[in-house]
There are 2 protein chains.
Amino acid sequence: MKHSAQRDAILEELCSRKDHPTADELYWSLRQIMPNISMGTVYRNLSLLTETGQIMRLSYGGADHFDGNPQNHYHLHCTSCNRVYDIEMPMCSKMEEDAEKHSKAKITNHILTFIGICENCQN
Amino acid sequence: MKHSAQRDAILEELCSRKDHPTADELYWSLRQIMPNISMGTVYRNLSLLTETGQIMRLSYGGADHFDGNPQNHYHLHCTSCNRVYDIEMPMCSKMEEDAEKHSKAKITNHILTFIGICENCQN
DNA sequence: ATCAATATCGATAACTGTTACTATTATTAT
DNA sequence: ATAATAATAGTAACAGTTATCGATATTGAT
C-alpha cells in the first residue's frame, strides 16, 4: 500500500468530524481543500480504509455512512434528518455470549443502532 | 388499499419462509407459482407492506432483506453466505433507556444485529 | 539522483438495487 | 352493469457504487 495525499486528506477529514458523513458529503467537503479529487478516489479509499480497519462503514439503507473511529460503539440514526451520531455508552459484549447460547452460530461482533430523534431535530 | 393476488402471494411466500429473502430472491420464488409477476410489483408491495407494518425491512448494505415477522427481534448476519437468520433471544429494551440517559436523543426503537458464521457455513 | 515497477489518480463507463412512469387490467362501491 | 380508481406488467430512469483506463505519483533498487 503506497502513500497518497488523497487518502490522507480523506482520513483526516473523516476523523476531524463527529458526524458520520456519507461518501458524497465527504467528497464535497474535500473539494474545498483539494479541488479536483474525484468521487472514485473517495469511494476507493473509503473501502480500502474500511478493509484495513482504520475506519468503519455504517449501512442503514440509502447511502452508507462512515465513522473515523473503527472501534465498535453504538449509534443513533435520526429518522428526521437521516444523520448518524455516536451514543457514548458502555459496550454490552455479554449479549454476544447470550446470542451464542440461543443459536448455533459463531458470533464475532454485533451492531447496535438506536432509532429516534436527535437533539437538534426535537426543536 | 385494494386487494391484490400478487400482494397476497408475496406476503404468504415471505411468511412461509424462515430465511429473510431479498426482493430478488422473493421474485424468483414467486415466478414459479405466478409466472409473469414483475419485479416492480414485488418492490412496490414490499414497500407497501413495510409501511403498513405487516413486514420488516432489514438493511445491512447490499440488497435489503425482508422479514415476515414485523415484531422487533434480533438477527444474525452471516459473513460467509450473506444470509440473515433470526436469533431467538429476549428483547433487551432496557438498552433504550440506557441510551437516552447517555444522550439527549428521543429513542423509539433499536436494531441489534449479530455478525458471525451461521450453523450451515461452519461445516 | 535516475529509473523501473506499480499503486493510485481523475474521468468516465458500467453495474446493482430500487423507484417512477405509462398504458392496461382488476377490484370495489354504487 | 358501470364508473372510479388501485394495482399490474413492462420498461425507463435513478442513486449509490464499483470497474476500467490512460496518465501520474510513490517507492525501492541501482
Side-chain angles (χ1 to χ4, degrees), chain A residues 1-14 19-67 77 79 81-84 113, chain B residues 1-14 19-67 77 79 81-84 113:
Chain A
M1 197 176 191
K2 275 179 190 171
H3 177 257
S4 114
Q6 286 85 344
R7 185 156 53 240
D8 284 354
I10 290 165
L11 185 56
E12 195 189 341
E13 171 69 18
L14 186 58
D19 66 338
H20 300 79
T22 61
D24 191 72
E25 288 166 344
L26 222 32
Y27 169 71
W28 288 109
S29 296
L30 288 161
R31 289 282 297 212
Q32 299 185 20
I33 49 171
M34 206 176 241
N36 54 358
I37 192 171
S38 83
M39 198 59 125
T41 298
V42 174
Y43 274 106
R44 185 164 11 84
N45 281 297
L46 286 172
S47 291
L48 268 169
L49 292 166
T50 302
E51 278 165 32
T52 57
Q54 299 175 78
I55 66 174
M56 181 159 56
R57 182 193 298 270
L58 309 172
S59 301
Y60 304 132
D64 285 352
H65 294 251
F66 292 88
D67 189 336
H77 187 194
T79 52
C81 63
N82 198 36
R83 280 197 267 267
V84 178
T113 307
Chain B
M1 198 175 190
K2 274 180 192 172
H3 176 257
S4 115
Q6 286 86 340
R7 185 155 54 236
D8 285 354
I10 290 165
L11 185 57
E12 195 189 343
E13 172 69 18
L14 186 57
D19 67 337
H20 299 80
T22 61
D24 190 72
E25 288 166 342
L26 222 31
Y27 170 71
W28 289 108
S29 296
L30 289 161
R31 288 282 297 210
Q32 299 185 20
I33 50 170
M34 207 175 240
N36 54 358
I37 192 171
S38 82
M39 199 59 125
T41 298
V42 175
Y43 274 106
R44 183 165 13 83
N45 281 298
L46 287 173
S47 291
L48 268 169
L49 292 165
T50 302
E51 279 166 32
T52 58
Q54 298 174 78
I55 66 173
M56 182 159 56
R57 182 194 298 269
L58 309 172
S59 301
Y60 304 132
D64 285 352
H65 294 251
F66 292 89
D67 189 335
H77 188 193
T79 52
C81 64
N82 198 36
R83 278 197 269 266
V84 179
T113 307

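As the structure is a computational prediction, the values presented were derived from the model and not from experiment. Order of the sequence lines sets the chain letters (A, B, ...), proteins ahead of strands, with each chain counted from 1.
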> NA contact type, B:D64, heavy-atom cut-off 4.0 Å: base, sugar-phosphate, or nothing?
Replying inline: sugar-phosphate
> Quick one: CG on A:L14 to CG on A:D19, what's the gap to the nearest 0.5 Å?
Replying inline: 8.5 Å
>> Show the nearest heavy-atom pair for residues B:G61 and A:S59, with the distance to one decimal.
In response: N-CB, 3.4 Å
>> Using whole Å, what does the distance between atom C1' of nucleotide D:dT18 and atom CZ of A:R57 come to?
In response: 11 Å
> Is the shortest heavy-atom distance from the side chain of A:H3 to the side chain of A:D8 under 4.5 Å?
Replying inline: yes
> Rounding to a whole Å, what distance do you find between A:D24:CG and D:dT18:P?
Replying inline: 14 Å
> Can you tell me how far CG of A:L58 sits from CG of A:D64, rounded to the nearest 0.5 angstrom?
Replying inline: 8.0 Å
> Hey, what bend do you get for the helix from C:dA1-D:dT30 to C:dT30-D:dA1 if you fit axes on five pairs at each end, rounded to 10°?
Replying inline: 40°
Could you give the side-chain donor-acceptor pairs of residues 44-51 of chain A under 3.5 Å, partners two or more places apart or in another chain?
unit_1 : atom_1 : unit_2 : atom_2 : d
A:R44  : NH2    : A:T41  : OG1    : 3.3
A:N45  : OD1    : A:R7   : NH1    : 2.9
A:N45  : ND2    : A:T41  : O      : 2.9
A:S47  : OG     : A:Y43  : O      : 3.3
A:S47  : OG     : A:R57  : NH2    : 3.2
A:T50  : OG1    : A:L46  : O      : 2.6

>> With the threshold set at under 4.0 Å for non-hydrogen atoms, list the residues of residues 35-47 of chain B touching DNA chain D in residue-number order.
In response: B:N36, B:I37, B:S38, B:T41, B:R44, B:N45
>> In this structure, how many angstroms lie between the C1' atom of C:dA26 and the CE atom of B:M34, rounded?
In response: 12 Å
> So which of residues 1-14 of chain B are in contact with DNA chain D, with a heavy-atom cut-off of under 4.0 Å?
Replying inline: B:M1, B:K2, B:S4, B:Q6, B:R7
>> Suppose we screen for side chain to side chain contact (heavy atoms under 4.5 Å, CB included). Which residues come up paired with A:E25, at least two apart in sequence or across chains?
In response: A:P21, A:T22
>> Ignoring hydrogens, what is the shortest heavy-atom contact between B:V42 and B:I10? Give both atom names and the distance.
In response: CA-CD1, 3.8 Å
>> I need the OH-P distance between A:Y27 and C:dC9, as an integer number of Å.
In response: 14 Å
> Can you tell me how far the CE atom of A:M1 sits from the OG1 atom of A:T52, to the nearest 0.5 Å?
Replying inline: 5.0 Å
> Which distance, rounded to the nearest 0.5 Å, do you find between the CE of A:M34 and the OH of A:Y27?
Replying inline: 12.5 Å
> Got a sec, which residues hit side chain to side chain contact (heavy atoms under 4.5 Å, CB included) with A:R83, two or more places apart in sequence or on another chain?
Replying inline: A:C81, A:Y85
> Is it true that a side-chain atom of A:H65 and a backbone atom of A:H20 form a donor plus acceptor pair closer than 3.5 Å?
Replying inline: yes
